[in-house]
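Keep in mind that the numbers below use all heavy atoms, side chains included, and drop hydrogens, waters and symmetry copies. Quick caveat: nothing in here was measured; it's all calculated off a predicted structure.
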Amino acid sequence: MENQTNTEEILLLGFTESHQHEMLLFALFLVMYLMAISGNMLIVMITLVDLHLRTPMYYFLRNYAILEIGYTSAVIPKALINLASGKKTISYTGCISQLFFYFFLGTTDFFLLTVMSFDRYVAICNPLRYATIMNQCLCTWMVLISWIAGFILIFGQTVSYAQFPICGSNIINHFFCDSKPLTKILCGDTRLLQLVGFILSIFSLLGTLAITTVSYMVIISTILRIPTAAGRKRAFSTCASHIIVVSVTYGSCISMYLIPEEIEGKNFNNTVAILNNVVCPLMTPFVYTLRNKQVKEALKDALGCKGITRKI
């Protein structure tokens, strides 16, 4: 029998034991975090203010930006505090809370990405019926169901994690409370907990990815049948940003949660988690603004650049 420990704190090993390297990582992550928050906040504000962006596509994008802000904020602020202070600790309650918000917001992300792919499917494959199908009521319900589904899938599992005490060591080889390393320090038989977690990962990751992939296969097939090159380019440009975000988001999450641990390297999860928690939220505003003519025009209007250009 393993010794049961009623510990109040968990030690997160993080990235490195070198204080100089920690300060360098702190500065890098702080800049990237602030850029991610600012960029996604800009998307939220511009889609609320600009009348031309009052469409289902930008309604979903605004909700996705809000999710990205919450998702990166569930992990990165605490990681920054630990890097700056060198303490590398988190309370057990804080660990369980972090686990819940990280997976709740991340799972909701998958459902919302699927909703966004359906929106693009209707826009390109049924353009004449788009306004009728994607009405305000349906859009609101699709977003609401995404949030509710994410909550239902994760809340019960998080409560199950909280029922297990910690055994012996309270050390987690990660920079946040992820499910895999947390399971290793729990007392009791966690096989059912791991099985349920794997099944939920299959459903939320591969299930939503399958729907998104089918949607884009039909979309691409429809685009290829457009007679003019300009028409094909215009149609594809509305989907390219979403395809990039989907590819990076799903790729990093599948690598973290569906690849067996024997295949992973020593710091594999740490490296991929940085991509998932920092790079993806940072990438979203750049991908959607730099590749989207309407958003760029809205930004110019908001900053008054159009008026300056006309005067010149």
Side-chain angles (χ1 to χ4, degrees), residues 12 14-15 21-50 53 57-84 90 94 97-113 115-116 143 146-147 150 174-178 240-257 269-292 295-296 298-299 302-303:
L12 302 169
F15 306 96
H21 290 164
E22 285 182 339
M23 289 299 99
L24 181 63
L25 287 172
F26 171 80
L28 179 62
F29 289 168
L30 179 62
V31 170
M32 294 175 71
Y33 174 69
L34 292 177
M35 288 177 66
I37 295 296
S38 302
N40 283 288
M41 280 296 296
L42 184 62
I43 288 178
V44 173
M45 293 173 64
I46 204 70
T47 53
L48 281 171
V49 172
D50 196 281
L53 303 182
M57 176 181 173
Y58 297 106
Y59 173 70
F60 295 135
L61 179 58
R62 178 166 67 248
N63 278 274
Y64 186 74
I66 293 170
L67 269 175
E68 291 290 84
I69 292 169
Y71 182 66
T72 190
S73 296
V75 170
I76 300 304
K78 181 58 179 174
L80 289 172
I81 292 170
N82 286 354
L83 284 170
I90 186 171
S97 299
Q98 190 179 70
L99 181 79
F100 168 71
F101 284 107
Y102 172 75
F103 281 100
F104 162 48
L105 296 171
T107 304
T108 305
D109 251 0
F110 300 141
F111 288 112
L112 195 54
L113 284 172
V115 167
M116 292 168 75
V143 169
S146 297
W147 283 89
H174 215 322
F175 68 92
F176 72 100
C177 287
D178 200 0
S241 301
H242 190 241
I243 291 173
I244 294 170
V245 172
V246 166
S247 301
V248 176
T249 301
Y250 277 96
S252 59
C253 287
I254 288 171
S255 300
M256 287 176 67
Y257 299 109
N269 269 4
N270 269 358
T271 305
V272 179
I274 293 169
L275 173 67
N276 197 33
N277 287 283
V278 185
V279 178
C280 286
L282 174 62
M283 180 186 71
T284 299
F286 284 101
V287 168
Y288 279 106
T289 55
L290 294 178
R291 295 188 59 87
N292 193 300
V295 175
K296 285 191 285 186
L299 285 172
L303 297 172

* Asked: For the side chain of Ser252 and the backbone of Asn276, is there at least one donor-acceptor N/O pair under 3.5 Å apart?
  -> no
Residues Asn63 and Leu112: closest non-hydrogen pair is C-CD2, 3.7 Å
Interatomic distance, CG@Leu83 vs CZ@Phe26, rounded to 0.5 Å, equals 8.0 Å
Anything under 30° is parallel, anything over 60° is perpendicular, the rest tilted; go ahead and classify Phe175 against Phe29. tilted
So SG of Cys177 and NZ of Lys78: to nearest 0.5 Å the spacing works out to 9.5 Å
Here the pair of heavy atoms bringing Val75 nearest to Gln98 is CA-NE2, 3.9 Å
Heavy-atom nearest pair, Asp178 first then Tyr102, reads OD1-CE2, 4.1 Å
With Val248 as partner, the option from Leu275, Val287, Ile243 fulfilling side-chain contact (heavy atoms from CB on, under 4.5 Å) is Leu275
Phe111 meets the ring pair (Phe, Tyr, Trp, His ring centres under 6.0 Å) criterion, sequence neighbours left out, with none
Rounded to the nearest 0.5 Å, the OH atom of Tyr71 sits from the OG1 atom of Thr107 at a distance of 8.5 Å
Side chain Thr72, main chain Glu68, donor-acceptor under 3.5 Å: no
Shortest non-hydrogen pair, Leu80 vs Leu30, comes out as CD2-N, 3.6 Å
Query - Note, Tyr64 side chain near Val44 side chain (heavy atom, < 4.5 Å) - result: no
For the pair His174 (side chain) and Ala273 (backbone), establish whether a donor and an acceptor sit closer than 3.5 Å, ignoring hydrogens and angles.
-> no
Closest non-hydrogen contact found for Phe104 with Gly150 is CD1-C, 3.5 Å
### Query
Between Val143 and Tyr59, does a side-chain contact (heavy atoms from CB on, under 4.5 Å) hold up when you go through it step by step?
CA-CA 9 Å; Val143 169; Tyr59 173 70; 3.6 Å; yes
The reported gap from SG in Cys280 to CD1 in Ile244 (rounded to nearest 0.5 angstrom) is 12.0 Å
Q.
Could you go through Phe176 and Ile76, starting from their C-alpha distance and side-chain angles, then the distance that decides it, and tell me whether this counts as side-chain contact (heavy atoms from CB on, under 4.5 Å)?
A. CA-CA 8 Å; Phe176 72 100; Ile76 300 304; over 6 Å; no
Interatomic distance, CD1@Ile46 vs CE@Met41, rounded to 0.5 Å, equals 12.0 Å
Q.
Could you check whether any side-chain N or O of Asn40 sits under 3.5 Å from a backbone N or O of Pro281, counting only pairs where one atom can act as donor and the other as acceptor?
A. yes
Q) Would one find more than 12 heavy atoms of other residues, nucleotides or ligands at under 6.0 Å from atom CE of Met23? A) yes
Sorted by chain and number, sequence neighbours left out, ring pair (Phe, Tyr, Trp, His ring centres under 6.0 Å) with Tyr250 holds for Phe110
Checklist entry - Taking atom CZ of Phe101 as the centre, does the number of heavy atoms from other residues, nucleotides or ligands within less than 6.0 Å exceed 12? => result no
- Does a donor on one side chain sit under 3.5 Å from an acceptor on the other, for Ser73 and Tyr33? yes
Inset, instruction - Show your reasoning for whether side-chain contact (heavy atoms from CB on, under 4.5 Å) applies to Asn82 and Glu22. - result: CA-CA 9 Å; Asn82 286 354; Glu22 285 182 339; over 6 Å; no
Whether the side chain of Arg62 engages the backbone of Thr47 through a donor-acceptor N/O pair (distance < 3.5 Å, no angle test) should be reported.
yes
Nearest heavy-atom approach of Ala65 to Ile43 is CB-CG2, 3.9 Å
So CZ of Phe60 and CG of Leu67: to nearest 0.5 Å the spacing works out to 12.5 Å
